[in-house]
2 protein chains.
Amino acid sequence: MYRIGELSALYDIKADTLRFYEKHGLLSPSSRSDSGYRLYNQADSERLKFILRAKAVGFSLNDIADLLSIEVDKSNRACADVKGLVDTKLEQVEAKLAELQHFATSLKSLSNTCCGGPDSAEHCSILEALESSDKHIIAKKEHHHFANLGHKD
Amino acid sequence: MYRIGELSALYDIKADTLRFYEKHGLLSPSSRSDSGYRLYNQADSERLKFILRAKAVGFSLNDIADLLSIEVDKSNRACADVKGLVDTKLEQVEAKLAELQHFATSLKSLSNTCCGGPDSAEHCSILEALESSDKHIIAKKEHHHFANLGHKD
DNA sequence: ATAAACCTTGGAGTTTAATCCAAGGTCAAG
DNA sequence: CTTGACCTTGGATTAAACTCCAAGGTTTAT
């Protein structure tokens, strides 16, 4: 059992944030002490881990509440409802995954292209790297190099 | 060349959002018309695409500005600086990727476990799926099924 | 040449997600 | 039995990221 200060320290967040999540229905302590202190158990801690992970990959607290609602009232929901909700979120997750893989590829190619030395980074740009990785995916036959890009007005 | 309304329609955002990004140094139109209307070219559009993608995977506008600064002053930066920045962001992207893959796995397993029918979803929970996928990764030798989980006081 | 649909600016308002504050109760150590 | 670290509540404040508004200029279509 953790008290609010212990759990918040564990995940490097503020106690206030836990109270905030509670107020907004994301995470309630499974019990209270005689004097009213919040007491969080291991399951609560897991739930918090989930919330923080989901937040880190760009889901809003509302999105997360949707997902967690499966947990909360699972015995009141039909499997079909759950499946629908899950499949919708899965699509979102997979879209994000695709985006991130795209980013990772571009960043890696940028990191490799870049000499890493003290010279001017004239040919180092995320956008250039993204563009060339787009090219790579969309039309890998064309293979020219853009030197004079991004020079506006 | 797009006017603000055209570009915003293209990406399904508000014109105000584009003005906001401009004010905060994320995206400026490459030119203006005689009467002062903003005119965005293809490169501007690509840059916007990048911003929106990065946002969608959980980067803040500040993070994104950092990344884009590589583009803006690349001739004033040493390759070593660029490489440092890129490698830092790459680490963040890869951490997010790992999280998302974890989510995707859990959601898939949940979707598969779930009968999808009109019955009560007693055994369908994200947290249960996450937990069992944790189990799967951490100790895949143990292979039992958790029926009585998530039953908190 | 005038309405409708678009654009300009500056500034105010909203939403989301915390974070802080004040007044007071709790608990372990000395 | 009091001191200090911790907890309670409700309400105010902050920061980020928009989103809206008002007053006026511009374009295009009739």
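Below, chain A is the first sequence line, B the second, and so on; all start at residue 1. Computed from heavy atoms alone, side chains included, the values below leave out hydrogens, waters and symmetry copies.
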Engineer: Which distance, rounded to the nearest 0.5 Å, do you find between the OH of Tyr21(B) and the CZ of Arg47(B)?
Structural biologist: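 Between Tyr21(B) OH and Arg47(B) CZ, I get 12.5 Å after rounding to 0.5 Å.
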Engineer: Rounded off to whole Å, could you give me the NZ-to-C1' distance for the Lys55(B) and dA17(D) pair?
Structural biologist: 8 Å
Engineer: Judged by each residue's nearest nucleotide on DNA chain C, which is more toward the 5′ side, His24(A) or Ser33(A)?
Structural biologist: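 Closest to the 5' end, via its nearest nucleotide, is His24(A).
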Engineer: Using a 6.0 Å distance limit plus a 45 degree cone around the ring axis, check whether Lys14(A) lies over the aromatic ring of Phe20(A).
Structural biologist: no
Engineer: Look at the side chain of Asp16(B) and decide which nucleotide, out of dC18(D), dC20(D), dA17(C), has an atom nearest to it.
Structural biologist: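 Looking only at side-chain atoms, Asp16(B) lies closest to dC20(D).
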Engineer: Base, sugar-phosphate alone, or nothing: which one does Ser60(B) contact when heavy atoms must sit under 4.0 Å apart?
Structural biologist: sugar-phosphate
Engineer: Atom OH of Tyr40(A) to atom C1' of dC7(D): distance rounded to whole Å?
Structural biologist: 11 Å
Engineer: How many Å lie between CG on Leu52(A) and C1' on dA18(C), as a whole number?
Structural biologist: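 Spelled out: CG on Leu52(A) to C1' on dA18(C) is 13 Å.
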Engineer: Expressed as a whole number of angstroms, how long is the span from Phe20(A):CZ to dT9(D):P?
Structural biologist: 16 Å
Engineer: Taking only side-chain nitrogens and oxygens of Arg32(B), does any of them come within less than 4.0 Å of OP1 or OP2 of dT9(C)?
Structural biologist: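 Looking at the OP1 and OP2 atoms of dT9(C), one of them is under 4.0 Å from a side-chain N or O of Arg32(B).
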Engineer: Starting at atom CD of Glu22(B), determine the distance to atom C1' of dC18(D), rounded to an integer number of angstrom.
Structural biologist: 15 Å
Engineer: Does dT19(C) have OP1 or OP2 sitting under 4.0 Å from an N or O in the side chain of Thr17(A)?
Structural biologist: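 Yes, such a contact exists.
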Engineer: Mind calculating the distance between OH (Tyr37(B)) and C1' (dT9(C)) to the nearest angstrom?
Structural biologist: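 Rounded to the whole Å, the gap is 13 Å.
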Engineer: Are Phe103(B) and Phe50(A) an aromatic pair, judged by ring center distance below 6.0 Å?
Structural biologist: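 Distance test on ring centres: under 6.0 Å, yes.
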Engineer: To the nearest angstrom, how far is Arg19(B) atom CZ from dC7(C) atom C1'?
Structural biologist: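 After rounding, the reported distance stands at 7 Å.
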Engineer: For the residue pair Tyr2(A) / Ser8(A), report whether a side-chain donor-acceptor contact shorter than 3.5 Å exists.
Structural biologist: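 No, no side-chain donor-acceptor pair sits under 3.5 Å.
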Engineer: Rounded to whole Å, please give me the gap between NZ in Lys14(A) and P in dT8(D).
Structural biologist: 17 Å
Engineer: For Arg3(B) and Lys23(B), take the nucleotide of DNA chain D holding the closest heavy atom to each; which residue's nucleotide lies nearer the 5' end?
Structural biologist: Lys23(B)
Engineer: Pick base, sugar-phosphate or nothing for Arg38(A), based on heavy-atom distances below 4.0 Å to the nucleic acid.
Structural biologist: sugar-phosphate
Engineer: Looking at every strand, decide which applies to Ile13(A) at a 4.0 Å heavy-atom threshold: base, sugar-phosphate, or nothing.
Structural biologist: nothing
Engineer: Look at the side chain of Ser35(B) and decide which nucleotide, out of dT27(D), dA16(D), dT8(C), has an atom nearest to it.
Structural biologist: dT27(D)
Engineer: Looking only at non-hydrogen atoms, find the nearest pair between Val57(B) and Lys96(B) and report the distance.
Structural biologist: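 Closest approach of Val57(B) to Lys96(B), heavy atoms only: O-CD, 3.2 Å.
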